[in-house]
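First comes the structure, then the notes that go with it.
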Protein chains: 2
Amino acid sequence: MATPSEKIIRDVTARLRAAGMRPTRQRIALALALFAKGDRHITAEQLHAEAQAQHVGISLATVYNTLHQFTRAGLLRELAIGSGRSYFDTNLSHHHHFFYEGSGQLVDVAGDLVKVSTVPAPPKGTRVAGIDVVIRITERNR
Amino acid sequence: MATPSEKIIRDVTARLRAAGMRPTRQRIALALALFAKGDRHITAEQLHAEAQAQHVGISLATVYNTLHQFTRAGLLRELAIGSGRSYFDTNLSHHHHFFYEGSGQLVDVAGDLVKVSTVPAPPKGTRVAGIDVVIRITERNR
DNA sequence: TTTCTAGATTAGAAACATTCTAAAATATTG
DNA sequence: CAATATTTTAGAATGTTTCTAATCTAGAAA
């Protein structure tokens, strides 16, 4: 990515501060990578590699810390779909996912394209925190 | 569990053979643990611990191998819901899950209690392999 | 500016779940 | 029983994530 404008950096800085986080060099770089482009599904490893490629020295531990902090602050959504690694989703709007069984790739499905019309009442003493719909897809053979 | 009857063991043996697997001591013990009781969501570690508790010597590698073989044979369904470990579900009927965000516990939701009325067409060249609905629930606070 | 300190970052170790390896054990067939 | 194809196994290896405790830094105060 080209050097981001002063304005964008100021925006990100303010956003971090609003979430109670110090706008450090590392957090700013990660926030830019995550939010500058459109919606993304990214793993910690991928984000770390991306930062390295841009010559932003960040340790993998910091990438993990930051992803979790951003998630706690409501800037990201953590997806636990394919087993193994966790994906972090920058799309915070109500939506669901196509999950490619072969590759593990995720693709957004706009929230209004899926309608869950019937849902059971949650068990006593609990409330529904969210409903995730995963449409598993495979290569069509023949 | 009490020593299973001859009949149950014969049933399981036949089932394994039907799936093209030799009915070994290990596979019979795991099949009994999995299918004797009602529906279960179990991890490899849990199943291994259960076998140990019953003094059935089985290595963890064999538990993994067997769970995957059973899944391939259509005797189990593998669930990739909470990140980290994989759950294996003995309930093969069409159904969905409550997922306790706190504990990671899974509870079945009968298939007919959830209706997904609208679904987008899958991307070109793919077909829908399945739709999983996870209802995330948390302790109600207040 | 300098100083102070709570908060942030880090390398590397540790903790995990899971898979792999290749040797030994076992089930089946003839 | 002998031959052979499968299966099991301990332990090593892999991959992801978390932990640790030392070092660094942003922001506040002097």
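Letters A, B, ... mirror the listed sequences (proteins, then strands); counts begin at 1.
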Is the terminal nitrogen or CZ of A/Arg15 (NZ for Lys, CZ for Arg) located under 6.0 angstrom from the six-membered ring centre of A/Phe70 and within 45° of that ring's axis? no
Whole-Å gap separating P (D/dA26) and CG (A/Leu16): 13 Å
Nearest-nucleotide comparison on DNA chain C, the residue closer to the 5′ end among B/Met21 and B/Tyr64: B/Tyr64
Distance in angstrom units between B/Arg85 CZ and D/dT17 P, rounded: 14 Å
Sequence neighbours left out, what passes salt bridge (charged side-chain N to carboxylate O under 4.0 Å, His left out) with B/Arg136? Give chain and number order. A/Asp132, B/Glu101
May I have the step-by-step check of salt bridge (Lys or Arg N to Asp or Glu O under 4.0 Å) for B/Arg40 and B/Glu50, ending in yes or no? CA-CA 13 Å; B/Arg40 313 193 65 181; B/Glu50 212 168 282; 2.8 Å; yes
Over how many whole Å does the gap from A/Arg27 atom CZ to C/dT10 atom C1' extend? 14 Å
Rounded distance (Å) that lies between atom P of D/dT16 and atom CD of A/Glu78: 15 Å
Separation of D/dT17 atom P from A/Glu45 atom CD, nearest Å, is 8 Å
Between C/dA17, D/dT17, D/dT9, which one does the side chain of A/Ser86 approach most closely? D/dT17
Among the nucleotides D/dA26, D/dT17, D/dT9, whichever has the atom closest to the side chain of A/Thr24 is D/dA26
OP1 or OP2 of D/dT25 versus the side-chain N and O atoms of A/Gln26: is any pair under 4.0 Å? no
Please work out which of the three classes, parallel, tilted or perpendicular, describes the rings of B/His68 and B/Tyr64, given edges at 30° and 60°. tilted
Could you state the CD1-P distance from B/Ile42 to C/dA17, rounded to the nearest angstrom? 14 Å
Tell me whether the OP1 or OP2 atom of D/dT18 has a side-chain N or O from A/His68 closer than 4.0 Å. yes
Nearest of D/dG11, C/dG12, D/dT8 to any side-chain atom of B/Ala61? D/dG11
Please determine, for the side chain of A/Ile58, which listed nucleotide (D/dT17, D/dT8, C/dT10) has the closest atom? C/dT10
Round to the nearest Å and state the distance from A/Arg72 atom CZ to C/dG7 atom P. 14 Å
Please determine if a side-chain N or O atom of A/Arg25 lies less than 4.0 Å away from the OP1 or OP2 oxygen of C/dT9. no
To the nearest Å, how far apart are B/Leu30 CG and D/dT9 P? 9 Å
B/His95 and B/Asp112: side chain donor to acceptor below 3.5 Å: no
Sugar-phosphate only, base, or nothing, as touched by B/Leu60 at under 4.0 Å among non-hydrogen atoms: base
When you measure from the side-chain N and O atoms of B/Ser59 to the phosphate of D/dT9, is any distance below 4.0 Å, counting only OP1 and OP2? yes
A/Arg22 has a side chain; which of C/dA8, C/dG12, C/dT26 sits nearest to it? C/dA8
